[in-house]
Amino acid sequence: MKLGVSARKDFPIYANYKDPRGLCYLDSGATSLKPAAVINAQRGYEEQYSTNVHRAAYHLAERATEEYEGARSAIAKFIGASRPEEIVFVRNTTEAFNLIATSYAGRFLKEGDGVLLTEMEHHANLIPWHELARAKNLRLFFLPFDTATGELVWDEKSFVGFLKERNIKLVSLTHVSNALGTINPVAAIAACAHAAGAVVAVDGAQAVPHVPVNVRDLGADFFAFSGHKMLGPTGIGVLWGRYDLLEKMPPYQMGGHMIDDVYIDRSTFQNPPFRFEAGTPHVAGVIGFGASIKYLSDIGMSAVREHEKKLLSLGMEKLSAIPGIRILGTRDVELRSGCVSFVVDGVHPHDVGSFCDEEGVMIRAGDHCARPLHQKLKIPASCRMSVSVYNDTDDVERLAAAVAKMTKTFGK
Amino acid sequence: MLYRQEIIERWKYPHRRGAMQTSDAQAEVANMFCGDEIALFLRLDADKKKIIEVRFSGEGCALMTASADILCEAIEGKTVEDARNFSADDLLRLYGEPPTPGRLNCVLLAHRALARCLVMV
């Protein structure tokens, strides 16, 4: 099984990193490292067949189109989509939510309609709704989370009524919190939302890289994620949408390739997904993304999940043993994925992050693009270790040693 | 080394920390990146030409706190004119070994507060 230390030979950055202490990268929640398979797939395209897709009648372009569409099919299969045409390529999760807000909610929600988000959303699934609510006079509601457990506070029995009373037409929530690591009960929430006549959009950026995901089992209507957080390239992400919804949505951007017929004064638009992919796409990125899907599929997402659970449990155990450390969110690893966030009494998270960096340990310190979540917790920021397939117990041990040393240096 | 002994000591035991109840100039600035906030207070002499006391308050990281403390000591006793000429580079020189690029704003936050204070003088 290629997980942990044995996976590192697949990631050139480990051999290229010259610090004799070795690379200790615990910030995959921000972006993951890239395996040679992904780098080579992108370089293969650039060096051997770097032609445009869906346009030309020569064989190199046919190969580019084949690889590009092959990646789309692989991604569709990976998340349990009904058909490849439900996969829309976008830049990242942020763009996917802008697309949903503009082309779905912007078209189909009316003044006074409600949109339900949660208090733990990444700004990607927050700011687009601020803007749309202002423009269309929508009402925004927020499901709270419990500051001790990091879990959403909601009542399944009364939830349909809750949604109907507030005229909620769209529920948009994260599958896994990027700051707390909470795995939200998306399937149960989606079932209630549908019973109340609402559509469900899910931020899967921190879910797809870490846990097996099947968008139909979740009951989502839209599901968004980014390639670069799951061993793929930056600049490429996916919006999955139910085909019947995508079909009735207007385009997001206008221009080349998204049209069907064009006259000098008007045009008609292609079917999904091409309607939403105006202009030349990030072909190398899509092909690299396809390679990352294959890499993860070969390991198997259940195996990835079991490996990461072991590291998260060890992280919680080691960090909580250090005096003055408080772990945010649930201690139940079955309800947690991807990360362990923590704060240190009396020490600013950025000092923790910089101190760990000097010890050769890379973690994230900041608000993780989830400022309202930190405001609710009454902390300016937090520290976060996040893991992926190449991490192992040695990384967690090094983090714990660095944090323990930091608490001694900073102790008053 | 980011956390030299001097920086840690100043963070633990700053010499010039504490808000002034009354001051001749005061300004608050924040670092949006990390949420750090600092308030800087100046007391001037009778003819408003010389800075006789400088204090800071606020919560933030060790680099911001240490740098603010260094700035307060450096400015105290200067004429207003000299304080206006006290540049960010001057502060960095006094600070010593430079911070990493990502932490530069932490070290310079106090200087932004000083510039804002001096607008009022």
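For clarity, every value in this text was computed on a predicted model and none was experimentally measured. Reminder, nothing fancy here: chain letters follow the sequence lines and each chain counts from 1.
Atom CG of residue A:Asp357 and atom OG1 of residue B:Thr100 lie 7.0 Å apart, to the nearest 0.5 angstrom. A:Phe410 contributes atom CZ, which lies 6.0 Å from atom CH2 of B:Trp11 (distance to the nearest 0.5 angstrom). Between the CD1 atom of B:Ile8 and the CG atom of A:Asp351 there is a distance of 7.5 Å, given to the nearest 0.5 Å.
By the neighbour-count criterion of 12 heavy atoms within 6.0 Å, atom CZ of B:Arg4 is densely surrounded, having more than that number from other residues, nucleotides or ligands. Within 6.0 Å of the NZ atom in A:Lys405, the count of heavy atoms belonging to other residues, nucleotides or ligands does not exceed 12. More than 12 heavy atoms of other residues, nucleotides or ligands sit less than 6.0 Å from atom CZ of A:Arg398. Other residues, nucleotides and ligands place more than 12 heavy atoms under 6.0 Å from the NZ atom of B:Lys48. For NZ of B:Lys50, the number of neighbouring non-hydrogen atoms (other residues, nucleotides, ligands) closer than 6.0 Å is 12 at most.
In this structure, no portion of B:Met64 lies under 4.5 Å from any heavy atom of chain A.
Nearest approach of B:Arg103 to A:His350, heavy atoms of both residues: NH1-O, 2.9 Å. Taking all atoms of both residues into account, the shortest heavy-atom contact from A:His348 to B:Asp36 is NE2-OD1, 2.9 Å.
For the options A:Ala365, A:Ser354, A:Gly411, heavy-atom pairs under 4.5 Å to chain B are most numerous at A:Ser354.
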